[in-house]
Chemist: 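Before anything else, here's the structure in question.
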Amino acid sequence: MGRDKAALPFGDETLLERAVRIVGVVTDDVIVVARPGHVTPPGVRVIHDPVENLGPLAGLAAGLSASTTELNIVTACDMPLVRASVLRRLLALCEDADICVAVVDGHASPLCAVYRSPVAGAAQELLAGGERRVMALLDRVKTTRVEAALFRDLDPDLESFVSCNTPEAYAALLARRGGTSVPP
């Protein structure tokens with residue numbers, strides 16, 4: 001992106017503030033994994049990666065290790081159209097799996113998913129072995145992969161799983177939003 005995605009504006013809030021607000025609709029215990037010195041919204045616990053720049057797997061391991069709950073909603077701040085109803089359904093579908101993830105167009109969406117806290121150990125083992133891909137974690141533990149069609153009644157265009165990793169994708173999401181309110 002070339003700059004801090006979390007601080008990018010999206011309507012009258014930043015991408016991070018939006019993510020915290022939406023996740024906060026589903027749970028009172030919100031944890032933000034951030035770099036030291038990163039500005040975070042008030043009222044959330046902030047956890048820092050023990051080693052910076054190892055990517056989402058390290059952030060996931062840090063957040064899950066700090067969690068005090070069994071089931072955890074994980075979402076990236078660059079997915080501003082995620083809906084609380086989709087997150088609730090992922091929680092309901094997790095059942096006895098370690099991870100519950102939606103599959104959109106044949107690809108798992110691991111940064112909008114539900115993880116059990118003990119998965120932190122498997123993530124740390126992968127990191128210790130040099131692995132940095134979150135997908136490797138999905139392959140290592142019991143993962144329920146749910147076809148995205150199961151969410152269309154809540155999110156007809158599956159916008160919950162759209163991320164903005166580039167300036168072009170961010171601009172497209174802003175245009176898609178069109179200044180209208182997006183339901184949480």
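Computed over heavy atoms, backbone and side chain alike; hydrogens, waters and symmetry mates excluded. For reference, positions follow the sequence shown, starting with 1.
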Chemist: Nearest heavy-atom pair of Ala113 and Pro110: which atoms, and what distance?
Modeler: CB-O, 3.8 Å

Chemist: Do Leu173 and Ser163 come close enough that some side-chain heavy atom pair is under 4.5 Å?
Modeler: no

Chemist: Might you confirm whether atom CZ of Arg152 has over 12 heavy atoms from other residues, nucleotides or ligands at distances under 6.0 Å?
Modeler: yes

Chemist: Might you confirm whether atom CG of Asp28 has over 12 heavy atoms from other residues, nucleotides or ligands at distances under 6.0 Å?
Modeler: no

Chemist: State, yes or no, whether a side-chain contact exists between Ser65 and Gln124 at a heavy-atom distance under 4.5 Å.
Modeler: yes

Chemist: Apply side chain to side chain contact (heavy atoms under 4.5 Å, CB included) to residues Ser117 and Asn72 and explain how you reach the verdict.
Modeler: CA-CA 7 Å; Ser117 292; Asn72 301 273; 2.9 Å; yes

Chemist: Is there a chain of hydrophobic side chains (I, L, V, M, F, W, Y, each step under 4.5 Å between heavy atoms) that links Leu111 to Ile47?
Modeler: no

Chemist: Does Asp153 CG have over 12 foreign heavy atoms under 6.0 Å away?
Modeler: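 Counting neighbours around CG of Asp153, more than 12 heavy atoms of other residues, nucleotides or ligands fall under 6.0 Å, so yes.
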
Chemist: Give, for atom OG1 of Thr40 and atom CD of Glu17, the distance between the pair rounded to the nearest 0.5 Å.
Modeler: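 Going from OG1 on Thr40 over to CD on Glu17, the span is 10.0 Å.
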
Chemist: Can you confirm whether Val101 sits close enough to Phe161 that some side-chain heavy atom of one is under 4.5 Å from a side-chain heavy atom of the other?
Modeler: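 No, every pair of side-chain atoms sits at 4.5 Å or beyond.
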
Chemist: In terms of hydrophobic clustering (I, L, V, M, F, W, Y; side-chain heavy atoms under 4.5 Å; direct or indirect links), are Ile31 and Val25 co-clustered?
Modeler: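 Per the 4.5 Å side-chain linkage, Ile31 and Val25 are not co-clustered.
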
Chemist: Please say yes or no: joined through hydrophobic side-chain contacts below 4.5 Å, possibly via intermediate residues, are Leu150 and Val103 part of one cluster?
Modeler: no

Chemist: Shortest non-hydrogen contact from Asn165 to Lys5?
Modeler: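 Answer, listing the atom of Asn165 first, then Lys5: OD1-NZ, 3.2 Å.
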
Chemist: Would Cys164 and Leu15 count as a side chain to side chain contact (heavy atoms under 4.5 Å, CB included) if you check the C-alpha gap in whole Å, the side-chain angles of each, and the deciding distance to 0.1 Å?
Modeler: CA-CA 10 Å; Cys164 53; Leu15 288 177; 4.0 Å; yes

Chemist: Looking only at heavy atoms, which two atoms of Val46 and Ala34 are closest? And how far apart?
Modeler: CG1-CB, 4.3 Å

Chemist: What distance separates Ile22 CD1 from Met79 CE, expressed to the nearest 0.5 Å?
Modeler: 11.0 Å

Chemist: Salt bridge (charged side-chain N to carboxylate O under 4.0 Å, His left out), that's the test. Do Arg145 and Asp139 meet it? Break it down for me.
Modeler: CA-CA 11 Å; Arg145 290 171 169 84; Asp139 293 336; 3.1 Å; yes

Chemist: Please give me the minimum heavy-atom distance between Ala102 and Leu90, naming the atom from each residue.
Modeler: N-CD2, 4.1 Å

Chemist: Rounded to the nearest 0.5 Å, what's the gap from CD on Glu131 to CD on Glu125? Could you check?
Modeler: 13.0 Å

Chemist: Just by modelled atom types, is the Ala61 backbone N or O under 3.5 Å from a matching donor or acceptor in the Tyr115 side chain?
Modeler: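 Not at all, since once roles are kept as given, no pair shorter than 3.5 Å links the two residues.
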
Chemist: To the nearest 0.5 Å, what is the distance between CZ (Phe151) and CG (Leu93)?
Modeler: 5.5 Å

Chemist: Begin from the C-alpha positions of Leu137 and Leu57 and carry the test side chain to side chain contact (heavy atoms under 4.5 Å, CB included) through to its verdict.
Modeler: CA-CA 8 Å; Leu137 181 61; Leu57 183 61; 4.0 Å; yes

Chemist: Return the minimal non-hydrogen interatomic distance between Val114 and Leu91, and the atom names on each side.
Modeler: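 Result for this residue pair: CG2-N, 3.6 Å.
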
Chemist: With the 4.5 Å side-chain cut-off for hydrophobic clustering, are Val134 and Val33 part of the same group?
Modeler: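 Val134 and Val33: separate clusters.
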
Chemist: Would you mind reporting whether Leu87 and Val82 have side-chain heavy atoms less than 4.5 Å apart?
Modeler: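 Yes - at least one pair of side-chain heavy atoms lies under 4.5 Å apart.
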
Chemist: Could you check if a side-chain atom of Cys77 sits within less than 4.5 angstrom of a side-chain atom of Arg18, using non-hydrogen atoms only?
Modeler: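 In short, these two side chains do not touch, never coming nearer than 4.5 Å.
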
Chemist: When rounded to the nearest 0.5 angstrom, what distance separates CG in Asp98 from CG in Leu138?
Modeler: 10.0 Å

Chemist: Drop me the distance from Arg21's CZ to Leu16's CG, to the nearest 0.5 angstrom.
Modeler: 12.0 Å

Chemist: Grab the two heavy atoms, one from Leu154 and one from Ser85, that are nearest each other, plus how far apart they are.
Modeler: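 The answer is CD1-O, 3.5 Å.
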
Chemist: Determine whether Arg140 and Leu126 make a side-chain contact, defined as any pair of heavy atoms from C-beta on separated by less than 4.5 Å.
Modeler: yes

Chemist: Is any side-chain heavy atom of Arg45 closer than 4.5 Å to one of Val30?
Modeler: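 No, every pair of side-chain atoms sits at 4.5 Å or beyond.
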
Chemist: For the pair Asp155 and Arg89, find out whether any cationic side-chain nitrogen is under 4.0 Å from an anionic carboxylate oxygen.
Modeler: no

